[in-house]
Structure formats: structure tokens, C-alpha cells
Amino acid sequence: MEKTLILLKPDSLQRGLSGEIISRFEKKGFKIIGMKLIKVSKDLAETHYSEHKGKPFFEDLVAFITSSPIIAMVIETQNAINIARNMMGSTNPIDALPGTIRGDFGISVEYNIIHGSDSETSAKREISLFFNEKELIEYSKPIQKWITGD
Ligand code: DAT
Ligand code: MG
């Protein structure tokens with residue numbers, strides 16, 4: 001089963017949207033295998049977003065993600081990365097379709113509510129930045145066979 005890292009950014013918690021967003025992933029059929037509330041350090045933020053270093057929005061992005069707590073979670077299912085990205089919607093809420101998380105709740109690209117890994121390589125790298133192995137719990141959910149046949 002594929003795993004992906006989801007971050008509910010500071011605006012999610014400040015706006016009281018975290019339960020709603022977690023619920024969408026649960027209802028879709030993802031299994032939550034790791035979850036925690038954390039205040040992201042500047043170091044972790046810069047490492048996590050290192051691909052954007054040097055871009056005009058980088059400093060503001062780091063300031064935003066470190067400004068207030070986030071919820072980090074690892075969720076798992078078949079094709080988890082692409083399914084989660086589709087549920088999130090486009091990076092800029094202007095382009096995000098209604099029915100997606102950013103399409104339903106977002107207005108601004110800076111305050112776009114949620115992060116999700118964009119590839120298998122990113123998912124592996126990002127999961128290991130936010131979680132150690134002991135924090136990821138493998139368990140079975142019998143309902144899984146009614147979601148994916150597994
Ligand atoms: P995504 O979060 O959809 O993977 P990304 O990796 O391109 O998008 O960018 C990371 C974050 O940086 C994004 O969620 C919000 C911010 N960002 C991206 N493009 C931006 C821009 N043009 N202006 C301001 N912030 C931007
Ligand atoms: Mg990205």
C-alpha cells in the first residue's frame with residue numbers, strides 16, 4: 001500500500017477545518033497510520049520545502065508553516081499520493097475545483113490549507129522528515145477489503 005505525507009497547515013487549525021479534512025480522507029478509504037500535532041521548526045520547514053529555496057515566496061512560506069501548529073499525518077491506500085493530491089485540488093485555490101479541499105475552503109495560494117507529497121520519492125523523503133519508524137503504526141482494518149479488495 002502506498003503512503004503519503006499530509007500536513008494540515010496552520011490555517012487549517014486556526015480556522016477549525018482539521019476535523020473536516022481528516023474526515024474526508026477517512027471517508028474516502030485511507031488508513032491513518034501516523035498523526036501528530038507539532039509546531040514546525042525553521043530548520044524542518046526549510047528542509048521540507050528545500051525544492052522552493054530561492055523562489056520569491058520561500059521566506060513567507062517558511063514563516064507561515066512555522067507560525068502556528070500543524071497536524072502531520074501519514075495516510076495509506078492504493079495510489080495514495082495521486083488520490084490525495086486530487087482531493088486537495090490545485091495549488092492555487094483560484095484553479096482548485098469545487099469539491100476539492102482547496103476548492104471548497106481556500107482563497108489564497110499562500111494560505112492553501114494543506115500539503116500532500118507529490119511523488120513516491122517526495123513521500124518517502126517527507127515521511128522520514130516528520131515521523132520516525134516507531135510513530136508509524138501498521139494495523140489491519142477489516143473494512144479494507146470492501147474498499148480495495150485487499
Ligand atoms: P503544492 O503545495 O500544491 O505541492 P508547491 O509544491 O508548488 O505546491 O508549492 C508549495 C507551497 O508554496 C504551496 O502550497 C503554497 C506556496 N506557493 C507555491 N507557489 C506560490 C506562489 N506563486 N506564491 C506564493 N506561494 C506559493
Ligand atoms: Mg509541493
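Atoms within a ligand are numbered from 1 in the order they appear, just like the ligands themselves.
Looking at ligand 1, you'll find an N or O of R85 within less than 3.5 Å of one of its N or O atoms.
Ligand 1 is never approached by M88 to a heavy-atom distance shorter than 4.0 Å. For the pair H48 and ligand 1, no heavy-atom separation below 4.0 Å is found.
In this structure, the side chain to side chain contact (heavy atoms under 4.5 Å, CB included) partners of I147, at least two apart in sequence or on a different chain, are I143, Q144. S122 is linked by a side-chain hydrogen bond (donor to acceptor under 3.5 Å, both in side chains) to D118, S119, counting only residues two or more places apart in sequence or in another chain.
Atom 1 (P) of ligand 1 has as its closest protein heavy atom T91 OG1, 3.6 Å. The protein non-hydrogen atom at the shortest distance from atom 5 (P) of ligand 1 is H52 NE2, 3.5 Å. Of the protein's non-hydrogen atoms, the one nearest atom 15 (C) of ligand 1 is V109 O, 3.4 Å. Shortest contact from atom 2 (O) of ligand 1 to any protein heavy atom: R102 NH2, 3.1 Å. When hydrogens are left out, the protein atom nearest atom 13 (C) of ligand 1 is N112 ND2, 3.6 Å; that is the closest non-hydrogen contact.
For Y111, the OH atom counts as loosely surrounded, since its 6.0 Å shell holds 12 or fewer non-hydrogen atoms of other residues, nucleotides or ligands.
Checking F57, Y111, F64, F58 against atom 18 (C) of ligand 1, the nearest heavy atom belongs to F57.
Judged by the 6.0 Å distance and 45° axis criteria, K36 is positioned over the aromatic ring of F131.
Near L61, with a cut-off below 4.0 Å to any heavy atom, the atoms of ligand 1 are 11 (C), 12 (O), 16 (C). Every atom of ligand 1 is numbered from 1 in the order shown, and the set under 4.0 Å from a heavy atom of K9 is 13 (C), 14 (O).
For the pair K3 and E138, the salt-bridge criterion is met [side-chain N within less than 4.0 Å of a carboxylate O].
The shortest non-hydrogen separation linking D104 to G99 is OD1-N, 2.6 Å.
Contact annotation: the side chain of L8 never approaches that of I70 to less than 4.5 Å [non-hydrogen atoms, C-beta and beyond].
Ring orientation note: the planes of H52 and F57 are tilted relative to one another, at an angle of 30° to 60°.
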